[in-house]
Amino acid sequence: MYAQMIKSTGKGIKSLDEMDPEERAFQERIDAGGKIEPKDWMPDGYRKNLIRQIGQHAHSEIVGQLPEGNWITRAPTLERKAILLAKVQDEAGHGLYLYCAAETLGVTRDQMTRDLLSGKMKYSSIFNYPTLTWADMGAVGWLVDGAAIMNQVPLQRTSYGPYARAMVRICKEESFHQRQGFDIMMKMANGTAAQRKMAQDALNRFWFPALMMFGPSDKDSVHSAQSMAWKIKMNTNDELRQKFVDETVPQAEYLGLTIPDETLKFNEETGHYDFAEPDWEEFFQVLKGNGPCNTERLAARNKAWDEGRWVREGLLAHAEKKRSRKMAAE
Amino acid sequence: MSTDPKFEFLCRMGDNALVLGHRVSEWCGVAPVLEEDIALANVALDLIGQTQLWLSLAGEVEGAERDADKLAFHRDVWDFRNVLLVEQPNGDFGQTMMRQFLFDAWHLAQLTALIDSSDKEIAAIAEKSAKEVTYHLERSSDTVIGLGDGTEESHRRMQAALDLLWPYVGEMFIGDEVDAAMVAAGIAPDPASLRAGYDQLVGDTLAAATLTKPEDDFAHKGGKSGARHSEHLGHMLTQMQWLQRAYPDATW
């Protein structure tokens with residue numbers, strides 16, 4: 001997932017009767033579970049919305065390399081280092097498929113990159129939190145990838161073909177990521193007193209930011225209805241958040257860790273856990289750029305891009321030279 | 001010589017892979033373009049995997065109950081046996097890729113020779129690693145050519161990287177008593193015997209890259225013997241080994 005607060009450009013949902021024939025055929029195809037492909041007609045709003053959503057997802061994968069990359073050089077064993085490297089590499093790969101999916105909608109990767117670097121396009125709020133101990137590598141895999149999977153699994157059925165297909169591949173890898181995160185947490189939770197302390201501390205710091213990943217409560221989520229009608233959003237924010245809490249609480253119990261929410265309680269009537277809302281003021285501040293690491297994350301991406309310019313230009317110039325030499329020889 | 005030459009030799013192979021793998025992994029998430037992020041992570045992953053194989057075998061040969069992790073994370077600078085080239089800092093992307101190329105060209109020649117080693121375990125690791133390193137060399141030489149023969153700026157930067165790193169090339173070909181023992185046992189080639197092929201390959205690549213090989217073949221040494229590493233390795237270890245040393249009782 002990693003898409004939050006995607007602004008819809010539609011002016012509310014039209015009924016089938018209000019649509020012109022083209023749009024009606026489009027909506028009926030979606031309603032029947034069909035896929036929309038790049039060359040098919042689609043409403044402008046659908047296209048724009050998808051570009052924002054897929055772009056934000058891609059940017060999240062790219063920026064998401066940084067908090068985990070932060071620990072690759074300090075990984076505690078060769079095997080953990082290799083697993084973490086592979087995981088971060090997968091994320092770069094996910095970024096690549098997603099940029100390709102977005103490009104089928106008529107936007108270039110360069111344009112999206114410029115919009116990320118200028119701050120115009122967003123990435124998930126979660127990556128603006130710091131990773132402070134090795135246990136955070138566990139918590140990120142377990143909670144952050146766990147939350148991402150909640151949203152991404154249904155997106156395999158999303159109406160836009162290239163996005164759905166990218167998501168199939170991504171989901172396979174994400175579930176591996178979540179398992180390795182949980183595995184780190186198990187080692188830590190069953191380790192020395194210091195390791196248990198790290199594990200609990202990581203859970204304390206990542207619990208509410210993970211809940212925020214699903215976006216604001218449905219009652220405040222103004223753009224959901226159109227996205228759901230278009231099947232580019234498959235469940236509401238609150239449904240997914242509840243599902244995440246219901247699945248994660250028993251896992252925390254199994255680890256012997258305490259979720260930092262005193263109000264957390266299983267509700268016999270609903271069959272779900274009742275839990276405290278995250279601090280939405282903090283969430284909106286993070287989106288505005290005031291999270292603990294917004295400045296560093298964007299600065300790191302800008303530095304990488306700026307310092308890589310000569311490399312991109314050099315390789316491009318070489319490719320041009322090769323082509324003209326080949327043409328001259330023919 | 002106080003330690004078993006085979007143990008020393010295996011540490012040399014393992015530490016080259018470990019130190020270079022670590023250096024390459026420092027690029028994670030900040031490469032010039034997404035495809036390079038993926039490729040650099042691939043190379044680092046291969047090298048860390050090779051480290052596990054070499055250092056595990058070193059630990060077995062030593063017989064002192066040190067496994068690959070113990071060797072990687074609980075030795076100090078003087079016990080590392082990597083060549084000086086691989087511990088040199090990343091610098092810019094050009095410097096990283098030049099270092100990679102100069103090492104890959106030696107590494108592939110060394111591994112190819114080791115496939116015929118009298119030691120079956122060493123031959124097996126070499127065979128697996130050579131497949132990976134063939135790709136590393138293909139990629140690093142393509143990049144050196146592309147950037148050497150790219151823009152004026154990329155050419156200038158690649159020439160500067162070559163000038164900076166060339167004095168670290170010679171060490172890979174200087175033999176010592178460990179190498180002599182390996183040659184005598186039919187385990188590994190004489191380092192000097194790899195030089196002609198290396199010079200040919202590197203010469204061809206640098207020519208295609210329009211880069212000029214420095215005339216002076218002066219060689220810094222002291223890495224593979226452990227006698228005198230550069231200051232850079234210690235800083236690398238403070239990061240790489242911090243967690244294991246701060247929490248020595250923990251398993252991860």
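Residue numbers begin at 1 in each chain, while the letters A, B, ... track the order of the sequences.
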> Top residue by heavy-atom pair count (under 4.5 Å) with chain A, among Val30(B), Leu243(B), Asp149(B), Asp92(B)?
Asp149(B)

> Quick one: which of His22(B), Met240(B), Glu153(B), Met236(B) has the most heavy-atom pairs under 4.5 Å with chain A, could you say?
His22(B)

> Given a strict heavy-atom distance threshold of 4.5 Å, which part of Met97(B) is in contact with chain A: side chain, backbone, both, or neither?
neither

> Name the region of Ile145(B), side chain, backbone, both or neither, that has any atom closer than 4.5 Å to a heavy atom of chain A.
both

> Heavy atoms only, distances under 4.5 angstrom: which of Ile72(A), Leu96(A), Asp306(A) has the most pairs with chain B? Name it, please.
Leu96(A)

> Can you say whether Arg309(A) sits under 4.5 Å from chain B via the side chain, the backbone, both, or neither, judging by heavy atoms?
neither

> Going by distance alone, is a donor N or O of one side chain under 3.5 Å from an acceptor N or O of the other, for Glu8(B) and Thr3(B)?
yes

> Using heavy-atom distances under 4.5 Å, tell me whether Ile38(B) contacts chain A through its side chain, its backbone, both, or neither.
both

> Measuring heavy-atom distances to chain A, does Arg157(B) have an atom under 4.5 Å in its side chain, in its backbone, in both, or in neither?
side chain

> Could you check whether Asn204(A) and Gln200(A), counting side-chain N and O atoms only, form a donor-acceptor pair closer than 3.5 Å?
yes

> Chain B heavy atoms under 4.5 Å from Val311(A): which part of the residue, side chain, backbone, both or neither?
both

> Between Trp142(A) and Phe206(A), is a ring-ring contact (aromatic ring centres under 6.0 Å, His included) present by the stated rule, with each step listed?
CA-CA 10 Å; Trp142(A) 173 38; Phe206(A) 276 98; over 10 Å; no

> With sequence neighbours excluded, tell me which residues meet side-chain contact (heavy atoms from CB on, under 4.5 Å) with Asn42(B).
Gln89(A), Tyr135(B)

> Under 4.5 Å from any heavy atom of chain B, what part of Leu315(A) do you find: side chain, backbone, both or neither?
both

> Taking side chain as everything from C-beta outward and backbone as N, CA, C, O, which of these in Ala72(B) sits under 4.5 Å from a heavy atom of chain A? Side chain, backbone, both or neither.
side chain

> Looking at Glu36(B) and Arg139(B), does any basic side-chain N land under 4.0 Å from a carboxylate oxygen?
yes

> Is Gln195(A) in contact with chain B via its backbone, its side chain, both, or neither, using a 4.5 Å heavy-atom distance?
side chain

